[in-house]
Amino acid sequence: MAVASATRTLTMAQAVAEAIGQEMERDPNVFVMGEDVGIYGGIFGATAGLLKRFGPERVMDTPISESAFIGAAIGAAAEGMRPIAELMFVDFFGVCMDQIYNHLAKNTYMSGGSVRLPVVVMTAIGGGYNDAAQHSQSLYATFAHLPGLKVVVPSSAYDAKGLMIQAIRDDNPVMYFFHKGIMGLPWMAYFEGSTTPVPEETYTVPFGQARVVREGTDVTLVTLSQMVHKAAIAADELSKQGINVEIIDLRTLVPLDVDAVVRSVKKTGRLLVADEDYLGFGLTGEIAALVAERLDSIRLKAPVRRLGVPGVPIPYSRPLERAAIPQAAHIAEAVRGLMAARVA
Amino acid sequence: MAVASATRTLTMAQAVAEAIGQEMERDPNVFVMGEDVGIYGGIFGATAGLLKRFGPERVMDTPISESAFIGAAIGAAAEGMRPIAELMFVDFFGVCMDQIYNHLAKNTYMSGGSVRLPVVVMTAIGGGYNDAAQHSQSLYATFAHLPGLKVVVPSSAYDAKGLMIQAIRDDNPVMYFFHKGIMGLPWMAYFEGSTTPVPEETYTVPFGQARVVREGTDVTLVTLSQMVHKAAIAADELSKQGINVEIIDLRTLVPLDVDAVVRSVKKTGRLLVADEDYLGFGLTGEIAALVAERLDSIRLKAPVRRLGVPGVPIPYSRPLERAAIPQAAHIAEAVRGLMAARVA
Amino acid sequence: MEPTPEQLLWMYETMLVIREFEETMAKVYLEGKLPPHIQKGLAFDIGGGPVPGEMHLAAGQEPVAVGVCAHLRKEDTVTGTHRPHHFAIAKGVPLDKMAAEIFGKVTGLGRGKGGHMHLFDPEHKFGCSGIIAAGLPPACGAALAAKKRGKDWVAVAFFGDGAANAGTFHESLNLAARWQLPVVFVCEDNKYAISVEKTVSTAIASNADRAGAYGMPGVRVEHNDALEVFEAAGEAVARARRGGGPSLIEVKTDRYMGHFQGDAEAYRPKGEVEELRRHDPIPALAAHLRKRNLLDDQKDEGIRRRAHGRVTEAYDFAQTSAYPDPAEAFQHVFVG
Amino acid sequence: MEPTPEQLLWMYETMLVIREFEETMAKVYLEGKLPPHIQKGLAFDIGGGPVPGEMHLAAGQEPVAVGVCAHLRKEDTVTGTHRPHHFAIAKGVPLDKMAAEIFGKVTGLGRGKGGHMHLFDPEHKFGCSGIIAAGLPPACGAALAAKKRGKDWVAVAFFGDGAANAGTFHESLNLAARWQLPVVFVCEDNKYAISVEKTVSTAIASNADRAGAYGMPGVRVEHNDALEVFEAAGEAVARARRGGGPSLIEVKTDRYMGHFQGDAEAYRPKGEVEELRRHDPIPALAAHLRKRNLLDDQKDEGIRRRAHGRVTEAYDFAQTSAYPDPAEAFQHVFVG
Ligand SMILES: Cc1ncc(C[n+]2csc(CCOP(=O)(O)OP(=O)(O)O)c2C)c(N)n1
Ligand SMILES: Cc1ncc(C[n+]2csc(CCOP(=O)(O)OP(=O)(O)O)c2C)c(N)n1
Ligand SMILES: [Mg+2]
Ligand SMILES: [Mg+2]
């Protein structure tokens with residue numbers, strides 16, 4: 001349930017940490033595990049201050065043993081605990097994916113619904129600060145492709161808090177992806193729009209409800225996470241050129257708000273999907289397909305367009321990274337291309 | 001280069017083992033590693049007979065240490081060897097994915113092209129024999145989503161041999177996916193169409209060239225692996241009802257033969273993608289998107305349709321598995337649906 | 001630690017139940033899988049019959065399951081492997097629901113969704129996985145939960161000799177030791193990981209010696225004997241229960257059947273199984289019971305009849321239960 | 001094994017080069033990252049300046065790199081970590097191309113695509129990874145290739161104390177031991193994995209004791225001293241070279257800087273670094289050289305000047321080199 005009484009502004013990192021702290025206070029079953037979640041407060045600040053408040057029994061620094069501690073979250077959750085496990089960068093999923101997708105994601109189904117696993121795995125995504133191929137990926141589509149995991153990708157502090165509380169209270173496994181470049185860290189450039197007023201009270205943002213960030217009539221721009229802010233920059237520029245972009249922030253990929261996408265594309269007749277994950281076999285294809293499947297009721301004015309990292313690892317060097325990851329300028333250009341295009 | 005002089009019929013398993021054996025004879029740098037690849041000959045017969053011919057130095061049974069031995073393949077390949085590593089079931093990728101996608105897939109790029117990693121990782125996919133959620137997945141789209149890996153998914157013995165030889169000779173990492181239900185094993189039901197004439201000589205099937213399995217004018221059916229055979233059954237039935245289906249077997253996902261798909265859809269105006277991998281955020285979305293992006297030159301008669309495992313793990317019980325994995329009847333029904341549908 | 005008469009008799013009867021369950025399964029499993037009932041050209045069809053898919057049976061390995069589980073309570077957690085029946089039975093998982101699951105019936109533990117390698121019984125705190133070594137971390141987690149809540153509950157993770165070379169083994173043992181979790185890690189050394197012998201896969205002879213890498217006690221049980229397992233496990237479980245931390249036990253045990261049913265076992269020396277069966281742990285325990293005057297012919301007959309009855313009932317229940325409606329395939333991905 | 005005078009002088013000069021490379025990097029790294037040159041409200045901008053991204057420096061850990069690499073040849077393989085400069089330099093990776101890579105220049109080892117954590121030099125057989133413990137399996141693979149070809153080449157995998165709790169460590173050591181591969185596993189125990197102390201993460205005090213789990217020799221070097229490392233590594237490398245199989249070495253070493261540059265090190269006891277720096281291994285080796293009459297003021301001055309010159313030249317090369325064309329982002333996913 002959303003609450004209106006926001007008086008303070010928080011960074012996304014602060015919002016995440018606050019959400020976890022409030023839920024830990026409310027529910028003794030909630031605890032946090034991960035590398036450097038204790039005195040360090042999480043490399044990206046998602047657990048800042050929690051060790052001091054809750055002590056090392058509930059804010060547990062782990063060995064570099066992601067399979068063991070994420071697997072332990074499964075076992076603890078089966079016993080009724082509500083663990084939050086931090087995988088420092090999503091790029092490291094390859095060392096612990098078996099526990100995540102063969103067990104955390106499937107035990108409920110394989111047990112015919114008798115096993116409940118209220119686990120949140122939170123993890124950092126995204127590039128933009130030249131951390132290269134093993135520390136800059138987004139990869140949420142990989143998790144959305146596999147069944148059994150809810151997939152949450154907030155773009156602002158307000159959403160980050162509400163979605164985190166929702167995630168912790170959900171009786172199912174949730175993958176929670178925060179983009180480093182919108183956490184509002186004092187040591188990494190970020191998009192101001194991600195730092196927002198955040199109510200002090202607890203509140204939830206429901207899963208499966210996209211947010212219309214900005215209404216428009218010409219083009220539907222489906223996006224999420226940091227790319228929402230690049231989209232906003234592009235939309236500002238485009239509006240000066242008389243092009244009105246409607247921006248949809250998906251907020252969660254599983255469940256996916258198909259209606260929000262369809263409704264908007266019906267209105268605009270044009271779709272651009274802008275993504276920081278790899279372009280092929282991922283999110284952009286899925287959104288494009290949702291529209292392609294509904295061409296009996298959707299009348300497109302232009303072919304669908306997609307932006308993503310096009311089949312290359314994230315390169316290190318600044319000019320290369322900028323070329324590989326879609327920027328606001330790429331979005332604007334793609335929208336202009338859409339306005340110029342026609343369907344056959 | 002394809003060769004015509006096939007006089008014998010081989011199962012897909014025999015074709016794979018023959019390809020490996022011939023390449024091992026030709027090139028002393030080729031060797032095989034994996035669990036039960038030795039005296040057992042590979043659980044799915046992909047290395048049958050090789051231990052006897054080449055000895056345990058070149059056909060190496062490994063501990064259950066997929067990260068170690070697939071990672072060792074990387075190190076050996078960097079030294080000029082050409083390892084083939086078997087991951088027994090693709091379902092196990094989660095214990096070794098880091099070596100595969102952060103290293104095998106990226107070292108070439110991260111080194112600016114100076115590191116060559118001619119590694120083949122071969123692995124079994126697919127369901128149909130009720131092996132449940134951890135032994136029935138397809139997952140090739142997960143590998144195609146991530147950059148740096150060629151992705152090969154043969155549907156017949158002829159292709160299996162030619163694609164395997166091509167894979168071994170390729171200087172890049174190749175993921176080679178064989179579907180258990182077309183290997184022609186004496187202990188698992190399979191589709192006869194996968195057992196084909198196979199030339200004794202070595203030959204290659206190039207990557208990135210889809211095969212038109214059957215020409216048709218009404219609907220383009222894009223598929224691969226075992227689903228090719230289900231598609232053929234459906235197409236037979238449909239042709240009796242006067243519907244002519246064109247079946248395209250992608251054969252490789254990376255590189256992807258976009259032209260073959262586009263050419264066919266331009267002709268038929270209708271597209272069905274039939275896949276055994278999970279439906280969302282995967283192959284079917286990608287193919288649908290390729291068409292949606294080209295609606296300036298493609299004129300669709302009906303919305304795109306997709307079949308896949310719809311967001312559920314593979315269930316064990318027979319009636320459940322049959323419902324979750326697309327069958328020939330589902331394909332036929334979807335094609336009929338396409339014929340009845342119209343675009344707006 | 002000496003087993004009580006009740007424990008001895010429980011171990012004996014449970015071993016009988018396990019053996020009968022497995023031998024029955026070996027027969028039922030073949031139904032519908034052999035010519036002429038299958039696709040032409042096949043010798044066997046893994047997907048045919050009432051029990052399709054892979055089938056890993058534990059006949060011969062009963063001592064590991066009963067020797068350990070004799071020390072457990074309902075609140076203790078057990079995680080098993082791809083070869084899970086003996087563990088499940090010894091942990092008290094209801095035979096009928098377990099059999100029904102293996103038959104893919106809606107009355108099964110997982111309503112037919114999980115199958116033989118994925119038996120989940122939250123009430124009896126049992127779970128397993130088809131992925132090698134995957135049960136170790138969840139066992140650590142259950143133990144962590146117990147510790148956090150101040151309960152004296154323990155967790156047992158069973159796994160094979162092959163699993164002891166998987167990275168997850170290492171991570172779990174270190175975690176459990178560092179956090180002093182009440183876990184007992186039990187390695188079943190049946191000499192093989194499918195066709196790969198332990199000597200081929202493992203750098204040292206006894207996995208119990210790996211305990212030193214984590215500063216935890218490690219014991220190897222040298223015989224496939226319920227009493228020896230009982231003794232080693234008793235110490236380990238008691239240590240865990242009183243907050244003394246984890247331990248590692250390796251048990252030498254014997255796999256009487258193929259890795260899975262249908263395995264031609266070309267890798268096995270001829271006569272090996274016959275030799276192993278000469279040391280069958282069930283008659284060995286019977287002899288011990290008789291020596292202690294806890295068993296005579298009549299009592300044995302009664303126990304065997306009861307064991308047989310329990311297994312028969314379970315198979316009947318499974319066979320006569322209904323399949324789930326196909327629409328159930330699309331349910332239970334998420335709870336609530 | 002006593003180092004020759006050449007080896008001693010090489011270790012000394014190489015340590016100086018490493019230290020200077022790292023200290024220079026620490027300075028250059030700050031360029032463009034501090035107010036007022038960055039986004040308002042930030043204290044530091046990791047993505048700014050000529051060297052963006054994370055930066056893990058190894059000042060203080062030189063003895064590990066030089067003590068081991070003193071025994072290596074060009075044909076031997078080394079895999080490093082996310083903190084790779086000292087290993088690369090000791091293995092003979094050209095300083096200029098390495099620096100250029102870290103600056104993201106087209107003249108770099110990876111044409112600017114890899115960056116600081118991903119330095120690949122196939123000619124000098126060096127590679128590294130930003131993923132913890134990921135270098136161990138490829139080192140096994142290089143060793144396997146050498147063994148298959150009958151070469152007496154060895155491979156060395158360096159990794160941190162934190163990495164010794166990762167599953168990949170276990171799998172790699174078992175594989176290397178079982179296959180008797182010519183690998184030397186070298187663990188840098190700098191007490192920390194980012195902020196997590198070894199005592200918090202690791203169940204036993206010395207990772208060298210984990211060698212027993214694989215039946216391989218394990219040695220702990222108790223001081224951050226090039227000579228002690230040299231000795232332990234000499235034995236291990238020689239053993240590997242003569243076909244005697246793998247070994248494990250753990251070296252106690254010291255991290256003088258933050259985990260990465262910009263690390264506030266709130267987790268570090270005050271004064272710890274100052275205390276550690278009192279045992280700087282570079283003056284210690286200089287003193288040893290002087291005692292052995294291999295060094296005097298004049299010679300030292302010459303060596304230092306040369307080291308300084310090499311580092312300066314490398315940075316100049318890097319700074320004056322061009323960036324890759326943006327189109328290069330889409331090249332080199334695959335080779336030819
Ligand atoms: C991660 C992983 N790798 C490989 C397999 C395939 N597999 C199934 S059982 C098995 C052998 C297991 O051996 P062991 O642990 O000794 O158990 P046992 O079968 O002897 O009971 C293998 C390799 C798997 N299920 N999971
Ligand atoms: C699999 C994986 N998990 C976590 C990380 C994040 N990480 C980077 S360095 C580091 C600490 C490594 O500690 P150690 O191995 O002791 O090396 P040191 O930094 O001390 O040199 C961590 C946790 C990673 N890169 N890879
Ligand atoms: Mg075994
Ligand atoms: Mg360290």
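Letters A, B, ... are given to chains in the order of the sequence lines, protein chains preceding strands, and every chain is numbered from 1.
- Judged by distance alone, the side chain of C:Gln39 and the main-chain N or O of B:Tyr190 form a donor-acceptor pair under 3.5 Å.
- Both the backbone and the side chain of B:Ala189 come within contact range of chain C, with heavy atoms under 4.5 Å apart.
- The backbone N or O of C:Glu54 lies less than 3.5 Å from a partner atom in the side chain of B:Asp131, making a donor-acceptor pair.
- The candidate from B:Asp36, B:Thr62, B:Val95, B:Asp91 with the greatest count of non-hydrogen atom pairs under 4.5 Å with chain C is B:Asp36.
- In this structure, the separation between CG on B:Leu320 and CD on C:Gln331 is 9.5 Å, given to the nearest 0.5 Å.
- Minimum heavy-atom separation, B:Arg318 to C:Gly49: NH2-O, 2.6 Å.
- In this structure, chain C has no heavy atom under 4.5 Å from any part of B:Glu66.
- Contact annotation for C:Ser129: both backbone and side-chain heavy atoms come within less than 4.5 Å of a heavy atom of chain B.
- When B:Ala323, B:Pro186, B:Ala68 are compared by the number of non-hydrogen pairs under 4.5 Å with chain C, B:Pro186 comes out ahead.
- For chain B, the option among C:Val200, C:Ile132, C:Ile131 with the highest count of heavy-atom pairs below 4.5 Å is C:Ile131.
- Note that CD1 of C:Ile194 and CG of B:Asp61 are 10.0 Å apart. Values are rounded to the nearest 0.5 Å.
- Annotation: B:Glu57, atom CD; neighbour count of heavy atoms from other residues, nucleotides and ligands within 6.0 Å does not exceed 12.
- Contacts with chain B were tallied for C:Gly110, C:Ala266, C:Gly114; C:Gly114 has the most, counting heavy-atom pairs under 4.5 Å.
- Note: C:Gly47 leads C:Gly47, C:Gly41, C:Ala166, C:Gly108 in heavy-atom pairs under 4.5 Å with chain B.
- Proximity to chain C involves both the backbone and the side chain of B:Ser65, based on heavy atoms less than 4.5 angstrom apart.
- Contacts with chain B were tallied for C:Ala327, C:Gly262, C:Ala133, C:Pro326; C:Pro326 has the most, counting heavy-atom pairs under 4.5 Å.
- For chain B, the option among C:Asp325, C:Asp263, C:Val106 with the highest count of heavy-atom pairs below 4.5 Å is C:Asp263.
- The environment of B:Lys180 atom NZ is dense: over 12 non-hydrogen atoms of other residues, nucleotides or ligands sit within 6.0 angstrom.
- Considering all non-hydrogen atoms of both residues, C:Val333 and B:Pro313 come closest at CG2-CD, 4.1 Å.
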Passes side-chain contact (heavy atoms from CB on, under 4.5 Å), C:His82 versus B:Gln134? Steps please.
CA-CA 10 Å; C:His82 59 289; B:Gln134 297 175 338; over 6 Å; no
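- For a residue to count as touching a neighbouring chain, one of its non-hydrogen atoms must lie under 4.5 Å from one of that chain's; by this rule C:Met55 does not touch chain B.
- Only the backbone of B:Leu185 comes within contact range of chain C, judged by heavy atoms closer than 4.5 Å.
- For C:Val196, the parts sitting under 4.5 Å from any heavy atom of chain B are the backbone and the side chain alike.
- Counting non-hydrogen atoms of other residues, nucleotides and ligands closer than 6.0 Å to CZ of B:Arg322 gives a total of 12 or fewer.
- When every heavy atom of B:Pro315 is checked against every heavy atom of C:Ala329, the shortest pair comes out as CG-CB, 4.3 Å.
- Ring pair C:Phe260/B:Tyr40 is perpendicular by interplanar angle, where above 60° counts as perpendicular and below 30° as parallel.
- A distance-only check finds a donor-acceptor pair linking the side chain of B:Tyr316 to the backbone of C:Ile102 [under 3.5 Å].
- Between C:Lys40 and B:Glu192, the closest heavy-atom pair is O-OE2, 4.5 Å.
- Neither the backbone nor the side chain of B:Met60 comes within less than 4.5 Å of any heavy atom of chain C.
- Listed here is the closest heavy atom pair of C:Ala193 and B:Ile64: CB-CD1, 3.9 Å.
- The part of B:Ile39 that comes within reach of chain C is its side chain, from C-beta onward, which places non-hydrogen atoms under 4.5 angstrom from that chain.
- Your options are B:Glu35, B:Glu321, B:His135, and the one with the most heavy-atom pairs under 4.5 Å with chain C is B:His135.
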